[in-house]
Amino acid sequence: MKQEKQQAGSAVNIGLWIAQVLLAGVFGMAGAMKLTAPIPTLVQNGMTWAASMEWFVRFLGASELLGAIGMLVPSLTRIQPRFTVYAAYGIILVMVSAAVLHLANAEYSHLPPVIVIGLVAGFVAHGRRVLAPIEPKS
């Protein structure tokens with residue numbers, strides 16, 4: 001019985017690490033793009049709202065980059081690993097905001113990936129808080 005529980009815990013831990021790496025990759029790339037790409041390029045590539053809110057695009061890019069870092073670094077270093085949970089909550093907040101923006105602009109085709117990313121972030125938040133927390137260095 002104990003071995004089955006350890007195997008289940010190990011599977012959850014592996015799933016959480018996979019989710020964390022995927023979220024870090026997605027948010028790292030998205031954040032870097034929003035921080036560095038010229039606004040006209042972002043508008044051309046479908047981010048039409050960026051033309052009127054450059055400051056917000058840059059803020060969102062920085063937030064996404066910090067979320068990517070927070071998804072991995074605290075857990076890998078075991079220094080304040082609870083910050084991974086906070087990063088996951090932040091990503092959920094960004095996804096809720098994105099869903100509202102896409103709904104307001106009638107961009108319904110953008111909703112499925114936003115929902116999936118939000119659910120994955122929810123899995124990480126719950127998993128690292130309850131199911132398989134990472135113990136901090138002593």
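Because only heavy atoms are used, hydrogens play no part in the values below, and waters and symmetry mates are left out as well, while side chains stay in.
- Using a 4.5 Å cut-off on side-chain heavy atoms (C-beta onward), Val120 and Leu22 make no contact.
- Residue Gln20 comes nearest to Ser75 through the heavy atom pair NE2-OG, 3.3 Å, listed as atom of the first residue, atom of the second, then distance.
- Rounding to the nearest 0.5 Å places CD1 of Ile18 at 10.0 Å from CG of Asn13.
- A distance-only check finds no donor-acceptor pair linking the side chain of Arg128 to the backbone of Arg82 [under 3.5 Å].
- Taken from CZ in Arg78 to CD1 in Ile134, the straight-line distance is 8.5 Å, to the nearest 0.5 Å.
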Scan the side chains in residues 103-111 for donor-acceptor partners under 3.5 Å anywhere in the protein, sequence neighbours excluded, and list what turns up.
unit_1: Asn105; atom_1: ND2; unit_2: Leu101; atom_2: O; d: 3.3
unit_1: Glu107; atom_1: OE1; unit_2: His102; atom_2: ND1; d: 2.6

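- Taking each heavy atom of Gly67 and Ala87 in turn, the nearest pair found is O-CB, 3.9 Å.
- In the hydrophobic cluster analysis, where Ile, Leu, Val, Met, Phe, Trp and Tyr join through side-chain heavy atoms closer than 4.5 angstrom, Trp17 is grouped apart from Val73.
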Below 3.5 Å, can you tabulate the donor-acceptor pairs from side chains in residues 89-97 to any protein atom, sequence neighbours excluded?
unit_1: Tyr89; atom_1: OH; unit_2: Arg129; atom_2: NE; d: 3.0
unit_1: Ser97; atom_1: OG; unit_2: Leu93; atom_2: O; d: 3.0

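- Cluster annotation: Met71 is connected to Val26 through the hydrophobic network of ILVMFWY side chains, with a link wherever side-chain heavy atoms come within less than 4.5 Å.
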Taking only distance into account, with no hydrogens and no angle test, what donor-acceptor pairs under 3.5 Å do side-chain atoms of residues 52-66 form with protein atoms, sequence neighbours excluded?
unit_1: Ser52; atom_1: OG; unit_2: Trp49; atom_2: O; d: 3.3
unit_1: Arg58; atom_1: NH1; unit_2: Lys34; atom_2: O; d: 2.6
unit_1: Arg58; atom_1: NH1; unit_2: Leu35; atom_2: O; d: 3.4
unit_1: Arg58; atom_1: NH1; unit_2: Ala37; atom_2: O; d: 2.9
unit_1: Arg58; atom_1: NH2; unit_2: Ala37; atom_2: O; d: 3.0
unit_1: Ser63; atom_1: OG; unit_2: Phe59; atom_2: O; d: 3.0
unit_1: Glu64; atom_1: OE1; unit_2: Gly31; atom_2: N; d: 3.4
unit_1: Glu64; atom_1: OE1; unit_2: Lys34; atom_2: NZ; d: 3.0
unit_1: Glu64; atom_1: OE2; unit_2: Lys34; atom_2: NZ; d: 2.9

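- Nearest heavy-atom pair across Val124 and Ala19 is CG2-CB, 3.6 Å.
- What you find for Leu16 and Ala132 is that their closest heavy atoms are CD1-CB, 3.8 Å.
- The heavy-atom pair separating Ile39 from Ala51 by the smallest distance is CG2-CA, 4.0 Å.
- Taking CD1 of Ile79 as the start and CG of Leu76 as the end, the distance is 10.5 Å to the nearest 0.5 Å.
- Considering OG1 of Thr84 and CG of Leu72, their distance stands at 7.5 Å, rounded to 0.5 Å.
- Shown here for Ala68 and Gly28, the closest heavy-atom pair between the two residues is CB-N, 3.4 Å.
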Open item on the list: Could you walk me through whether Phe27 and Ile117 satisfy the side-chain contact (heavy atoms from CB on, under 4.5 Å) test, starting with their C-alpha distance in whole Å, then the side-chain angles of each, then the deciding distance to 0.1 Å, before giving a yes or no?
Closed with: CA-CA 10 Å; Phe27 277 83; Ile117 292 169; 3.6 Å; yes
